[in-house]
Engineer: 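Quick one: this structure, given as structure tokens, is what I'll be asking you about.
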Amino acid sequence: MSVANAGPIAASEPPPVEEHTPGQNDLVETLSEDRPIAPDQFDPRYETTKWEIWSYYSYYVGNNGLSLFNFAPTSFQDLLYEAAGDPGVLKFLGRDRTINSIVLLANGISFAIQVVLFLVIGSFADYGTWRPYILVFWSVVAFAIGFGWLGVHTADKWPVATGLYMVGLIAYQMCITFWTAAFPGLARNTVEMREKAEQYEAGAIDRDKYDYADMMMRNRLQNVAFIMQSLGEIVILAILVGILFAVNVNASAANNLWGLSVLIAYASAVWLVLALPWFWFEKHRPGQPLPPGMNIVSVGFWQLYRAFTQIWRLKQTLIYLIGYFLLGDSLNTTVTVIATLQNTVVAYNTLTLTYLFIVGITAQLAGIWGFWTIQKRFHLSTKTMFDFIMVGIILLDGWGMIGIWTNKFGFHHEWEFWVYQVWYGLFVCPWYSYSQIMISEVTPRGKEFLFFALFSIMGKTSAFIGPIVSSAIIDASSDGNNSLPFYFLFGLSLLSFLLLAFFVNLKKSRQEQEVFLAEERAIKERRASVVSQGEVISEPISKGPKI
């Protein structure tokens, strides 16, 4: 739980309930005491162990996306293609539709379900003691879906494949989101952070040094997790190549479909084995206590209401949320457009695509290791590293834009895709680590699961808008130039960079978060007082002091 203004001893004791209603003066006084606010950091029962950290890394190596995020969509679309035949249409949801239409509708349905689940589950996952079971449940669902693909590899099974595809996407996104949301709590319960808190309490370090240590510990956990995932994925892919040869995927369309099902099951089995340590070693740290008069369901909707009505008070969080949406939209669409061009150039050759993937993952490993090493060596902030990554994305879109005017460059030749994999891995892939660390920077402590869910929703939304706009741009052109979306993508990336680089201030964000949490504590104390007196609760949200 979040304990404000408490040291290693006081933090383990519940704060007293005030009999009066705290007002703005109380909030200002609370903030002026300048003490660390660290959720359950000082309870020795929840101190992070090395086994727990390594099991956290292990889960990510398994949940690398190969099963339900990479191979399952490929198998689904391949089955639709085989089932549709020459007409290229299938009856879906009451009418004949093209393959692309079915895929878009399946994605839309899956996304709509994800929105509801993220909002409801994400909002009350920050309370109580049962939240680790959210990840366990969705992991089991993901494993079952992965193995279920072994029975779906012929064209007549495409309706079943549609269901597996949609539920699989939901399970994968739930797992990756709630796994990621755990790392701030892990970082803030380490031995190193306990020692920093004791130094701060004793006056040996100031708040800026304490916050810097907190930032670097979160960077370390997330970046090393990404490095371990990259290393493990290279090994997994190397074995995967052997499986491709064993099932002879190039022999026939049937062999290719069977091979995809085997690969999905293989990746799911690896995920299952590597997830078990995390389920065993994770310490079930308690979330925030339930406010008086609320249960685990009602508090979720209350917190959700506060998040939507009060996020404008977290101005830096809101700016990053908007920028995250725009840049995520640009990057997701850029990858989709380049993948389309790449598939056309290499003629969908499974082995060539796999080799390109291996090169990309190897470059990704070098990239994230390089960024993390430079950050440590020169004591750079999360924001500085994030700005460098945005420049890499802009240059990538700029290269693609060249292809609008000439066929000599701009993703028209096979050699460019080998170079792309290297550039993407070295300078763009660190986005997937640092963008999550940035979320933790602008998230009020103790609200990680809710805010990571909100950001995940924004990320999923951006995955749809960009492709639709890009498709419309291509359709509207007279020659159907597939490089034309890079006009839109380059401009969007540049706009995102200007917004995030010049208007997001993490120090201001920390101040806004403290005011937000102080206001919430005041409301909870008022609620506790009213409930104890048996009165009807009607508590307006305080506007609080301005920053």
Engineer: Heavy-atom distance under 4.5 Å between the side chains of F427 and F388, does that happen here?
Structural biologist: no

Engineer: Is the gap between the ring centers of W399 and F409 under 6.0 Å?
Structural biologist: yes

Engineer: More than 12 non-hydrogen atoms from neighbouring residues, nucleotides or ligands closer than 6.0 Å to OH on Y432, yes or no?
Structural biologist: yes

Engineer: Rounded to the nearest 0.5 Å, how far apart are NE2 of H153 and CD1 of I264?
Structural biologist: 11.0 Å

Engineer: Can you confirm whether L90 sits close enough to R97 that some side-chain heavy atom of one is under 4.5 Å from a side-chain heavy atom of the other?
Structural biologist: no

Engineer: Run the ring-centre check on Y324 versus W431 and record whether the distance is less than 6.0 Å.
Structural biologist: yes

Engineer: Using the ring of each side chain (for Trp, its six-membered ring), is F417 parallel, tilted or perpendicular to Y420, with breaks at 30° and 60°?
Structural biologist: perpendicular

Engineer: For the pair D214 and R445, find out whether any cationic side-chain nitrogen is under 4.0 Å from an anionic carboxylate oxygen.
Structural biologist: yes

Engineer: Using 0.5 Å steps for rounding, measure from the OG1 atom of T382 to the OH atom of Y212.
Structural biologist: 9.5 Å

Engineer: Sort and list the pairs that fulfil side chain to side chain donor-acceptor pair (under 3.5 Å) and have at least one residue in residues 156-171, not counting sequence neighbours.
Structural biologist: N107-Y165, T154-D156

Engineer: Any side-chain heavy-atom pair from I358 and E233 closer than 4.5 angstrom?
Structural biologist: no

Engineer: Is a salt bridge present between K383 and E441, judged by a nitrogen-to-oxygen distance below 4.0 Å?
Structural biologist: no

Engineer: Establish, from distance only, whether the side-chain atoms of D78 and S75 form a donor-acceptor pair under 3.5 Å.
Structural biologist: no

Engineer: State, without any angle test, whether Q222 and S433 hold a side-chain donor-acceptor pair at a distance under 3.5 Å.
Structural biologist: no

Engineer: Check whether the ring centres of Y172 and F69 lie less than 6.0 Å apart, and answer yes or no.
Structural biologist: yes

Engineer: Hydrogens and angles aside, do Y266 and S67 bring a side-chain donor and acceptor to less than 3.5 Å of each other?
Structural biologist: no

Engineer: Counting only heavy atoms not in W369, do more than 12 sit closer than 6.0 Å to its CH2 atom?
Structural biologist: no

Engineer: What's the spacing between L169 CG and I145 CD1 if we round to 0.5 Å?
Structural biologist: 10.5 Å

Engineer: Looking at L68, I113, I109, which hits side chain to side chain contact (heavy atoms under 4.5 Å, CB included) with I170?
Structural biologist: I113

Engineer: Minimum heavy-atom separation for L498 to F503, with atom names?
Structural biologist: O-CD1, 3.6 Å

Engineer: Minimum heavy-atom separation for V249 to G259, with atom names?
Structural biologist: CG1-CA, 4.1 Å

Engineer: When you check the side-chain N and O atoms of Q513 and S509, is any donor under 3.5 Å from an acceptor?
Structural biologist: yes

Engineer: Quiz question: by atom type and distance under 3.5 Å, do the side chains of Y434 and Q375 form a donor-acceptor pair?
Structural biologist: yes

Engineer: First locate atom OG of S58, then atom CG of L274, and finally report the distance between them rounded to the nearest 0.5 Å.
Structural biologist: 4.0 Å

Engineer: Test side chain to side chain donor-acceptor pair (under 3.5 Å) on S252 and N255; report intermediate values, then the result.
Structural biologist: CA-CA 5 Å; S252 65; N255 278 33; 3.2 Å; yes

Engineer: Do T443 and S440 meet the criterion of a side-chain donor-acceptor pair at a distance under 3.5 Å?
Structural biologist: no

Engineer: Quick one: do T177 and Q173 satisfy side chain to side chain donor-acceptor pair (under 3.5 Å)? Show the steps, please.
Structural biologist: CA-CA 6 Å; T177 298; Q173 292 295 339; 4.6 Å; no

Engineer: I'd like to check the ring-ring contact (aromatic ring centres under 6.0 Å, His included) partners of Y56; sequence neighbours left out, ordered by chain and number.
Structural biologist: W179, W278

Engineer: Just how far is it from atom CG of L454 to atom OG1 of T317, taken to the nearest 0.5 Å?
Structural biologist: 10.5 Å

Engineer: Under a 3.5 Å threshold, yes or no: a donor from one side chain and an acceptor from the other, between T180 and Q436?
Structural biologist: no

Engineer: Quick check: do M215 and S381 have side-chain heavy atoms less than 4.5 Å from each other?
Structural biologist: yes

Engineer: Tell me the closest heavy-atom pair linking M166 and S110, and the distance in Å.
Structural biologist: O-OG, 3.3 Å

Engineer: With a 4.5 Å heavy-atom cut-off, do N223 and F371 have their side chains touching?
Structural biologist: no

Engineer: For the residue pair G232 and V61, what are the closest heavy atoms and their distance?
Structural biologist: CA-CG1, 3.8 Å

Engineer: Supply the atom-to-atom distance I368 CD1 to I389 CD1, rounded to the nearest 0.5 angstrom.
Structural biologist: 6.5 Å

Engineer: Are Y320 and F455 close enough that their ring centers fall under 6.0 Å?
Structural biologist: yes

Engineer: Is the number of heavy atoms from other residues, nucleotides or ligands under 6.0 Å of K507 NZ greater than 12?
Structural biologist: no

